[in-house]
Number of protein chains: 4
Amino acid sequence: MAVKTKTKEKVIDAAVSLFNTKGFDGTSVREIAKKAKVNVANISYYFDGKEGLLESLVTMFFEGYIKEIEKAFQFLDTHSPKECLMLLVRNVLMYQHEHRHIARFVYREISLDTILIREVMTTYLTKEKFYIKTILERGMKERQFRKVQPPFIIVQLKGMLMMPYLHPQYMTEVLHLFAHEPYFVDHYRKEVESWISYTICGENDSSNKVILQLKS
Amino acid sequence: MAVKTKTKEKVIDAAVSLFNTKGFDGTSVREIAKKAKVNVANISYYFDGKEGLLESLVTMFFEGYIKEIEKAFQFLDTHSPKECLMLLVRNVLMYQHEHRHIARFVYREISLDTILIREVMTTYLTKEKFYIKTILERGMKERQFRKVQPPFIIVQLKGMLMMPYLHPQYMTEVLHLFAHEPYFVDHYRKEVESWISYTICGENDSSNKVILQLKS
Amino acid sequence: MAVKTKTKEKVIDAAVSLFNTKGFDGTSVREIAKKAKVNVANISYYFDGKEGLLESLVTMFFEGYIKEIEKAFQFLDTHSPKECLMLLVRNVLMYQHEHRHIARFVYREISLDTILIREVMTTYLTKEKFYIKTILERGMKERQFRKVQPPFIIVQLKGMLMMPYLHPQYMTEVLHLFAHEPYFVDHYRKEVESWISYTICGENDSSNKVILQLKS
Amino acid sequence: MAVKTKTKEKVIDAAVSLFNTKGFDGTSVREIAKKAKVNVANISYYFDGKEGLLESLVTMFFEGYIKEIEKAFQFLDTHSPKECLMLLVRNVLMYQHEHRHIARFVYREISLDTILIREVMTTYLTKEKFYIKTILERGMKERQFRKVQPPFIIVQLKGMLMMPYLHPQYMTEVLHLFAHEPYFVDHYRKEVESWISYTICGENDSSNKVILQLKS
DNA sequence: CATGAATGAGAGTTCATTCAT
DNA sequence: GATGAATGAACTCTCATTCAT
């Protein structure tokens with residue numbers, strides 16, 4: 001199989017790379033074919049056209065994405081909501097890091113009004129919302145989380161998680177943060193975890209200190 | 001002048017609307033001209049081509065954007081860093097709300113690798129970074145803010161601020177939050193302010209309570 | 001106008017010539033443009049694509065065609081059905097002769113199953129049928145025509161009228177009849193008139209002779 | 001053999017069906033292969049390309065066609081020219097009826113200027129002309145036929161014979177005659193026989209009546 | 001200032017065919 | 001005998017732009 005579908009994979013790699021930097025509409029199938037060193041006709045042959053190639057890539061990305069979310073969600077039964085949420089963040093960040101080229105253009109693309117994107121939203125993003133919302137509600141019920149409105153928390157969370165992978169160039173050239181380097185994931189994860197601890201759980205350093213003072 | 005340049009304005013309005021939903025590369029000048037009910041040639045005439053139209057819009061957006069940032073920054077001398085940062089958030093959110101159609105496609109577009117975008121980054125986003133970084137450093141110096149790394153805070157802040165305006169469709173269809181309605185801005189601003197209070201300043205409810213207990 | 005639409009006319013001329021010999025599907029727009037010495041894009045510009053060009057030509061042909069039929073039909077009030085039918089034959093043959101290049105490919109094309117052809121049938125050919133049928137029924141009522149079934153007569157008539165213009169090559173190379181030369185029309189018209197006299201009206205030479213014999 | 005060449009036959013059936021409705025140039029080999037449920041490469045394998053498939057079908061059709069003509073022609077020695085001509089008409093109509101799908105597209109195709117078609121004309125249609133001409137000349141010599149010019153009669157005859165099978169859709173939708181139903185052949189044959197009797201032989205009803213009157 | 005005609009380049013797609021298996 | 005991958009060429013159509021009016 002690996003031998004047979006060499007062409008298909010070459011097309012995918014080239015497409016991801018080009019869509020990443022030039023956007024879907026800004027990339028021509030001829031460019032893709034040239035970069036992949038295959039014949040143009042193969043794109044229609046294997047993916048049923050440029051649109052089909054896009055759909056393939058987007059679906060591929062979100063299938064993996066939602067699987068990571070679900071892996072984290074399963075911990076809700078055995079772990080605390082906070083731990084579960086942090087695991088989710090960890091998984092998403094790692095998945096995005098590993099697929100950062102495709103992530104960039106997918107996140108860009110889902111800001112458009114197309115049929116494909118609407119389908120993605122009802123298929124994957126609605127699921128994702130459900131998982132995060134459930135974690136948040138459990139956390140609130142167990143008094144581990146402050147009283148929050150899940151949708152508003154989800155906006156912030158997703159904004160924070162996407163940002164480095166949607167605008168890597170901004171990260172590098174303006175902020176001098178290298179989102180593509182492995183240690184960035186670790187560092188940034190801690191940042192988001194801080195946000196979880198402070199803003200969602202309502203913890204802080206001073207409270208610890210105060211508690212210590214109280215004890216003394 | 002207003003009468004004379006009616007054509008120019010009609011083109012801008014049509015372009016923003018179309019770029020917003022279909023993207024820059026996904027929109028043709030003929031579509032724009034048709035929607036604006038003007039002749040195609042006018043686009044080349046007034047904006048020196050499609051690329052020029054894009055540059056016009058992007059520049060227009062960021063000129064206003066950076067002005068809002070600067071308005072907030074001026075308060076740093078007379079107000080606390082926290083107040084200043086909150087004002088900045090308020091101004092940005094309001095500006096984005098007011099120009100939400102152009103904001104969407106500009107934020108999408110700056111995720112691409114083009115010469116124009118590189119220029120925008122060095123011109124506007126570097127400035128923005130300077131202002132926010134300065135506020136953060138002042139806040140840390142004055143012990144109002146926790147010890148943070150400005151670039152990491154900026155990533156999160158920008159992610160949170162952009163999200164609702166880059167993905168309005170996701171907001172509406174998945175989260176059922178209506179980013180285009182005026183009260184959303186107020187509500188969301190408070191969310192970001194919470195993040196400032198909790199995560200940046202390190203405040204929380206319990207600490208308040210503890211402090212009260214201490215006083216008693 | 002004549003100056004302005006030079007391009008349009010050049011395209012039509014080239015298209016008719018090529019469709020004539022190579023068929024619609026066998027001709028590419030590039031060939032047409034090349035032959036017309038205009039840019040390819042003009043075909044889409046003026047005719048809204050190749051299909052639109054076909055529609056234009058077919059409609060153009062049948063508009064003139066049906067007009068000729070109607071001109072003859074108007075004589076039904078003032079002339080005998082036989083004279084009217086003969087006039088109809090004359091008009092059709094002359095019209096076909098004058099537009100023999102377009103006629104050939106139109107007659108070929110209407111043997112296909114396409115939406116356009118269905119429309120042509122309900123728009124023009126149904127009308128034509130009505131006119132001929134009316135003439136035939138009047139003729140039968142007035143005892144000038146034998147008792148015939150109009151649809152069957154129409155098949156034969158149309159077969160005879162189309163044949164020389166649908167298969168001019170056969171005419172020339174096999175039968176050595178030159179359908180494109182003016183005198184052919186006259187000659188062939190007389191042939192069809194014979195058919196009208198003999199087969200439809202039921203007249204013949206011998207009857208004349210017999211009648212003479214009777215008189216004597 | 002029949003088992004082995006199942007593929008070949010499946011291709012032929014599919015091709016005839018598609019060429020019939022969409023024309024030769026309007027049909028792709030992939031469509032044919034799909035409809036025939038065989039692999040595309042088989043078409044090149046068995047027929048040496050699409051063009052070869054066309055040649056195969058056209059030749060196949062005309063081989064059978066000319067055989068029918070010849071079968072009728074042989075009766076010229078033992079029967080009257082009129083009977084012979086009527087038999088020819090009968091055979092052609094029946095052959096066309098039986099192969100009406102292939103007939104339609106062959107008759108359409110021979111209106112084009114291609115090398116194949118020129119060959120068909122010199123091979124088959126010239127022969128056909130010879131047979132019909134011979135019958136006509138014999139008939140004139142024997143005073144059974146009026147004095148006619150064979151080529152002009154052939155045009156009319158062929159026009160009448162082809163018409164229902166070249167334009168079956170027109171027959172059905174406009175004239176409401178169902179050329180594909182068996183009884184149509186019988187009915188239409190009588191129509192053409194009337195034409196032979198009236199227009200070629202110069203007979204008519206009145207002459208019979210007159211003759212009767214003479215006798216009385 | 002505004003227009004419609006016209007263009008060359010390039011878009012995505014489909015074509016008939018070939019070839020190793 | 002039959003297949004699916006792969007190709008180069010050609011397809012129609014649309015693109016942004018220019019230019020004379």
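Lettering follows sequence order; numbering is per chain, from 1. The shown structure was predicted, so the numbers you read here are calculated from the model rather than taken from an experiment.
The pairing partner recorded for E:dA16 is F:dT7, the criterion being a Watson-Crick or G-U wobble arrangement whose two distances lie under 3.5 angstrom. The nucleotide F:dT21 finds its pairing partner in E:dA2, both defining distances of the Watson-Crick or G-U wobble pair being shorter than 3.5 Å. In this entry E:dG10 has F:dC13 as its Watson-Crick or G-U wobble partner, both defining distances falling under 3.5 Å.
Paired with B:Leu18 under the rule side chain to side chain contact (heavy atoms under 4.5 Å, CB included), one option of B:Lys34, B:Lys35, B:His101 passes, and it is B:Lys35.
With rounding to whole Å, C:Asp48 atom CG is found 16 Å from E:dA5 atom C1'. For the pair C:Lys6 NZ and E:dT7 P, the computed distance is 10 Å after rounding to whole Å. C:Ile43 has its CD1 atom 13 Å from the P atom of F:dT14, to the nearest Å. A straight line from CZ of B:Phe47 to P of F:dT18 spans 16 Å, rounded to a whole angstrom. Note: NZ (D:Lys10) to C1' (F:dT3) measures 13 Å, nearest angstrom.
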### Task
Please step through ring-ring contact (aromatic ring centres under 6.0 Å, His included) for the pair D:Tyr107 and C:Tyr170, ending with a clear verdict.
CA-CA 11 Å; D:Tyr107 289 159; C:Tyr170 170 77; over 10 Å; no
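Contacts of B:Asp13 classified as salt bridge (Lys or Arg N to Asp or Glu O under 4.0 Å), with partners at least two apart in sequence or in another chain: none.
The phosphate of E:dA2 (OP1 or OP2) has a side-chain N or O of B:Thr7 nearer than 4.0 angstrom. Of the side-chain N and O atoms in A:Tyr45, none sit less than 4.0 angstrom from OP1 or OP2 of E:dT13.
Only C:Thr27, C:Ser28, C:Val29, C:Arg30, listed by number, bring a heavy atom of residues 21-32 of chain C to less than 4.0 angstrom from any atom of DNA chain F. Residues from residues 33-42 of chain D placing a heavy atom under 4.0 Å of any atom in DNA chain F, listed by number, are D:Asn39, D:Ala41, D:Asn42.
At a threshold of 4.0 Å, the pair D:Glu109-C:Arg108 does not count as salt-bridged, since none of the basic side-chain nitrogens sits closer than that to a carboxylate oxygen.
At least one cation-pi condition fails for D:Lys8 and D:Tyr45: the charged atom is not both under 6.0 angstrom from the six-membered ring centre and inside a 45 degree cone around its axis. For A:Lys22 and A:Phe105, the positive end is not near the middle of the six-membered ring at less than 6.0 Å and at most 45° from its axis.
Checking side-chain atoms of B:Glu119 against main-chain N and O of B:Leu116 turns up no donor-acceptor pair under 3.5 Å. Side chain of D:Arg104 to main chain of D:His167: no donor-acceptor pair is present (N/O by atom type, distance under 3.5 Å, no hydrogens or angles).
Place A:Lys50 and D:Glu51 on DNA chain E by their nearest nucleotides, and A:Lys50 ends up nearer the 5' end.
Counting non-hydrogen atoms of neighbouring residues, nucleotides and ligands closer than 6.0 angstrom, the CG atom of D:Asp113 exceeds 12 such neighbours.
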